[in-house]
2 protein chains.
Amino acid sequence: MARRNDHSREQIQQMAITAAIGILNEEGPGQLSTRKVASAIGYTVGTLYLVFRNLDELLLHVNAATLDELHSAIRSALANQHTPVEQLKAIAFSYLEFARHQYARWSLLYSHQLQNGEQAPAWFNDKVNALFGLVEIPLKTVKPDMSHKDLVCATRVLWSGVHGACELALNNKLRLGDEVSADVLIHSMIDNYLAGLACEQVTA
Amino acid sequence: MARRNDHSREQIQQMAITAAIGILNEEGPGQLSTRKVASAIGYTVGTLYLVFRNLDELLLHVNAATLDELHSAIRSALANQHTPVEQLKAIAFSYLEFARHQYARWSLLYSHQLQNGEQAPAWFNDKVNALFGLVEIPLKTVKPDMSHKDLVCATRVLWSGVHGACELALNNKLRLGDEVSADVLIHSMIDNYLAGLACEQVTA
DNA sequence: CCATAATTCTGAACAGTGTTTAATTATAGT
DNA sequence: ACTATAATTAAACACTGTTCAGAATTATGG
């Protein structure tokens, strides 16, 4: 059999992405394979390679969908907060919550590396930049006299700091006792880093 | 052929670990396989499974060796620093340098997850704790009135913060411009977090 | 309406992976 | 010397990502 023409290429693409996300959520990253995705959408592997260059490209689209969901999760968490510090914490904790509840997809965001030194496409990088933008807005309110360079720097410090705490805490790599949790780490990180920025302001 | 008895189990174990490190350094994590390690030491896969339970256990030993090297790299960087803040920065920057120069092994430290929810053995966790201990010493000098809980917390915040900055910067996930680098992020992170801790002290 | 061209899709193949196990061989003990 | 024991291999199993010849269907042109 061949030439069913049941779905367009775009439809098959979207079906594959959805199926991959399903497998990721229900069976974990180790169980995701091209054959499994293909059979989940009622096709064979060959068809998958007609629609994606390789598995890497499929995963890139899965990651794009994840970035979109993370973006809207953060935006809705942001809606109820008014002071900039509360906003920054809302971002951090919705990030942590997302990592906890969508662990497989969240970790794929970082574990997935493009091969052969290929660059992610621009539309993908735009999604990443949009996320950093969400942090930059309240940060600029906290310290309006910041240069652009300092704003970029502070944004990345907060992002990678919170990310590192999430990653290591959720992977049990921090040898935390009962007293300290990821939440405590993030509170301390944000409070003290922002306090540090404020101190500088006084002495400058 | 069989029963050569050329090496003891411990020798084969050590040869395999060394060979795995070599492959990791020269060909990258994607090229590491049981057959390759086995042939590099002049044996077949079966012998490897006589000496390690599985590939996971071999990688655990590779990681243990990496932790040891990281420990001694930090200790030698620490030797020339005298003020606690300089010591904390020396730790952070030798961590960054280690990540840059031993990237494959450094990332294996975090990407390698034991399967089936198995726990790392105690002797491995001791090595991790020893690293955190290196941070705790100068941190306690900076702020001697800290509770144990606060010390554990601050240590992990600094560690995961610096780690997150290294990971994301080295993986090009931060969309940094030309102005900002991993070094700048780490300086900002440590300076402001410590300044934040100091501010608290005044107001408390 | 029919022949031909173009496309979709499959199924099998390839080279690789981790892991297990039967069989073989060299050594050690009696 | 003979046997029991331990070391080692080679082959197998079930999987992986990827490619590709060919089959089957649709679309096109005369």
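Here is how names work: the chains are called A, B, and so on, in the same order as the sequence lines, proteins then strands, and each is numbered from 1. This is a predicted model, so every value here is computed, not measured.
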Is the closest basic N to carboxylate O distance between A:Lys143 and A:Asp150 below 4.0 Å? no

Any salt bridge between A:Asp183 and A:Arg100, counting N to O under 4.0 Å? yes

[X] [atom1] - [N] [atom2] separation (whole Å):
| X | N | atom1 | atom2 | result |
| --- | --- | --- | --- | --- |
| A:Ile41 | C:dT8 | CD1 | C1' | 13 Å |
| A:Asn5 | C:dT7 | CG | C1' | 8 Å |
| A:Lys36 | D:dT16 | NZ | P | 7 Å |
| A:Leu59 | D:dT18 | CG | C1' | 14 Å |
| B:Arg9 | C:dT27 | CZ | C1' | 15 Å |
| B:Asn54 | C:dT20 | CG | P | 8 Å |
| A:Arg35 | C:dT17 | CZ | P | 16 Å |

Which residues pass the ring-ring contact (aromatic ring centres under 6.0 Å, His included) test with A:Phe98, sequence neighbours left out? none

Could you pick out which residue, B:Ile12 or B:Val45, lies toward the 5' side of DNA chain D when each is mapped onto its nearest nucleotide? B:Ile12

If only side-chain N and O atoms of B:Thr44 are considered, is one of them under 4.0 Å from the OP1 or OP2 phosphate oxygen of D:dA10? no

Are OP1 or OP2 of D:dT8 and a side-chain N or O of B:Tyr43 less than 4.0 angstrom apart? yes

Distance-only donor-acceptor check, side chains [X] and [Y], under 3.5 Å:
| X | Y | result |
| --- | --- | --- |
| A:Lys173 | B:His163 | no |
| B:Tyr49 | B:Thr34 | no |
| A:Asn171 | A:Tyr103 | yes |

DNA chain D contacts made by residues 46-53 of chain B, counting heavy atoms under 4.0 Å: B:Gly46, B:Thr47, B:Leu50

